[in-house]
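So that the names make sense, note that chain A is the first sequence line, chain B the second, and so on, each numbered from 1. In this text, all values refer to a predicted model and were calculated from it rather than measured experimentally.
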Number of protein chains: 2
Amino acid sequence: MRPTSAQVAKLAGVSRTTVSFVLNNVEKSGISNATREKVLAAAAQLGYEPNAAAQSLASGSSATIGLVLPDIHHLYVDSFLSRVVASVSEEVRRHDMKLLIETVDRGDTFGYQRLAKNGRIDGMIVVNPRENEYTVLAEINRDFMPLVAFGSRRRSQQTCAEFSTTSSDNFFNARLAVKHLIALGHKNIGHISFSSDSFTSVNSRERGWLAALEEHNLNARDIRESADLSAESGYHACLRLLSKKQSFSAIFAGNDTVAFGIIRALIDKGYRVPEDIAIVGYDDIPLAAYGAVPLTTIKTFPEEHGRMAVKTLLEHLKGISEPNHQKFDSHLVIRESCGARK
Amino acid sequence: MRPTSAQVAKLAGVSRTTVSFVLNNVEKSGISNATREKVLAAAAQLGYEPNAAAQSLASGSSATIGLVLPDIHHLYVDSFLSRVVASVSEEVRRHDMKLLIETVDRGDTFGYQRLAKNGRIDGMIVVNPRENEYTVLAEINRDFMPLVAFGSRRRSQQTCAEFSTTSSDNFFNARLAVKHLIALGHKNIGHISFSSDSFTSVNSRERGWLAALEEHNLNARDIRESADLSAESGYHACLRLLSKKQSFSAIFAGNDTVAFGIIRALIDKGYRVPEDIAIVGYDDIPLAAYGAVPLTTIKTFPEEHGRMAVKTLLEHLKGISEPNHQKFDSHLVIRESCGARK
DNA sequence: CTGAAAGCGCTTACAG
DNA sequence: CTGAAAGCGCTTACAG
């Protein structure tokens, strides 16, 4: 049905070997220009496209990379992850490779192994691995294929060295955000996290919040609630926080999407932002400047970050095998929700 | 290196045929339970995972579907598309298939054909095809693999019947949104579109806006600007609209993200929303209720829509070949930005 | 109920 | 500079 390399070879009057050499630009094969032209013309005439499965089987590589997402629900509600997917997709494509999107359930060790063994992909990028997954990932990197963990670096140096990571320093940035609030005079600063703290990134931001408080001898350990990625969950978490009757004058939100919900809850309850309660978010999502109160937030760079993960992976695929740890700088973007202005 | 079916066969003391039958649950093969157990045990012991390329080459199908996105940049700024990706991913996975993400450049006919011929995927879902791509898509559906167009139905019945589509009625819904504004007494209702009108969906919403105006003998043809998906572009489009010095009391925004930018621009220029200028958006993105002014908008169902596209495609893959056209209902969600309340 | 064997469409030493 | 042939790891009629 679809033309095969044999048909191209026949039409061009050469062997399949030659067709393969020409189409794959094998340097050392020394194909004459005349032969090359004939092959190319024949392939074009037949509309020939190599069968990827056959190529993969024969060559042992699939020219595909896998992007493993922690939980597909994240994509529904938060824009950070979609920007990662977009940039990874773009970068993969720029290198003439394909992108397979995978989800692995919470702690499903076999899921990772299946993916590593079935030969569909040559390498994988794992977004926001959970604390209990590092062991499997290290095994995969050692035994099967290069792997880059995106978005979090574990505290333990030792485990971390086992595969490459690209991360921004969630701990440092969260601490920075909270210190900004402290510098503005806030003493009671709550925190609403954006997901389960089994995710390293969630966990690190929470630790950053606590660290900033401790450095300034503040205690706000109990002014804390968990949301679950969506603005709606942030809204409800904020209501729960308010119902505790603890006093606080600022909230550090685990991410911007949640911050949107928090701000709406505060407004609905008659608080002014930032006059009564100040807010700092995290991520600088595209809508951050366009909400009810333009959001002061930690700007992250998911696109650059995604591209870097792909580049690192491709280097490993080319044979550079020393794991490395890329760090991304972030910085505070000051808008109105923190009260530093006006 | 990785175990093969031959090794499993050897360990279980059976032939590779039997291994294949057991692992693929071939019904009519009548494998005895004892044999089945032996094979399963051997496979588990070796950690056997079938090689996907070999399976694909031998069986002629890849158990993978391709999701073709119109322009990866959409993922960066607008949440609609990411919700589609998420739901498609989830549904594909539910059916034990894999998802390949593809981008095809504007009008790149060969890109589609390459994808259709290289054997990586068994079928494709094309999100928001452009007007000039329908011919290639019809060819692919006829000659290579089932294809479902997501998100738009072409006006011409004839072309449309050539492959399945799932769509919501952008024209109808846009018209509904604008009629809502008219019912509230607005006479001069502008429109800011969210992308190039080479996309059927963009085009249809604009036509819906015009149709509503015409039905009520209103003319606002010139109160129109184009944005480009982001809130920021909506902000600037709104500034351009304001600088025209035409009078208008309402704007129909091509999507919610753009509406966020529009509202911010109006507030910055001293207008009150909805008192001075009313806004209706489109999509009901997760943040729609959490912006500066809770947004009245057309609620769409990208998740259900994505799942339906997958289901339709899978039916075609099973042999049901009659193209069908799924329609998704939408409805107006009334919040505050239109001024119907308070 | 099970196995020997052909074949899927490529790549890649190897030989000349 | 080019070709014959083995082999990648599966599936699937076919034979028994």
Rounded to whole Å, CZ of A:R120 lies from P of D:dC10 at a distance of 12 Å
The residue, B:G13 or B:R16, whose nearest nucleotide of DNA chain C is more 5′ is B:G13
Of the listed C:dC10, C:dG3, C:dC1, the closest approach to the B:F21 side chain comes from C:dG3
Checking N1-N3 plus N6-O4 or O6-N4 for Watson-Crick, or N1-O2 and O6-N3 for wobble, each under 3.5 Å, the partner of C:dA4 is none
To the nearest angstrom, the CG-P distance between B:N118 and C:dG9 comes to 14 Å
Note: A:K318-A:E315 ion pair, threshold 4.0 Å (strictly below)
no
Regarding the side chain of B:N51, the nearest nucleotide among D:dC10, C:dC1, D:dG3 is D:dC10
Students often get this wrong, so: under 4.0 angstrom with heavy atoms, is B:T17 touching a base, only sugar-phosphate, or nothing? base
Can a side chain N or O of A:S5 be found less than 4.0 Å away from OP1 or OP2 on C:dC10?
yes
Could you check whether the side chain of B:T35 and the base of C:dT2 have a donor-acceptor pair of N or O atoms closer than 3.5 Å, going by distance alone? no
Side-chain atoms of A:Y48 come closest, of D:dT12, C:dC10, D:dG3, to C:dC10
Identify whether any heavy atom of A:S32 sits under 4.0 Å from a base atom; if not, whether one sits that close to sugar-phosphate; answer base, sugar-phosphate or nothing. sugar-phosphate
Whole-Å distance, A:K10 NZ to C:dC10 C1', equals 19 Å
To the nearest angstrom, the CZ-P distance between A:R2 and C:dC8 comes to 15 Å
Exactly one candidate in A:R307, A:H305, A:Q326 meets side chain to side chain donor-acceptor pair (under 3.5 Å) with A:T166; the answer is A:H305
query = Is B:D143 paired with A:R2 through a side-chain N to carboxylate O contact shorter than 4.0 Å?
reply = no
Taken to the nearest whole Å, CG/A:N33 to C1'/D:dT2 is 15 Å
- Task: Indicate whether OP1 or OP2 belonging to C:dT11 is found under 4.0 Å from a side-chain N or O atom of A:S20.
- Result: yes
The correct set of residues in residues 53-64 of chain A placing a heavy atom under 4.0 Å from DNA chain D is A:L57, A:A58
**Study point:** Short side-chain N/O contact to D:dG3 OP1/OP2 from A:T18, under 4.0 Å
**Key:** yes
- Item | Full working for side-chain contact (heavy atoms from CB on, under 4.5 Å) between A:L69 and A:V85 | CA-CA 9 Å; A:L69 304 179; A:V85 172; 4.3 Å; yes
>> Given 3.5 Å as the limit, does a donor-acceptor pair link the side chain of A:T312 with the main chain of A:M308, or not?
In response: yes
Across every strand shown, the nucleotide meeting Watson-Crick or G-U wobble geometry with D:dA13 (both distances under 3.5 Å) is none
Measuring only between side-chain heavy atoms, which start at C-beta, is B:K98 closer than 4.5 Å to A:R120? yes
In terms of heavy-atom contacts, A:V39 and A:V8 come closest through O-CG1, 4.0 Å
Whole-Å distance, B:Q7 CD to D:dG9 P, equals 9 Å
Exercise. Can B:R130 and B:E133 be counted as an ion pair, charged N to O under 4.0 angstrom?
Worked result: yes
B:N24 atom CG is separated from D:dG9 atom P, nearest whole Å, by 17 Å
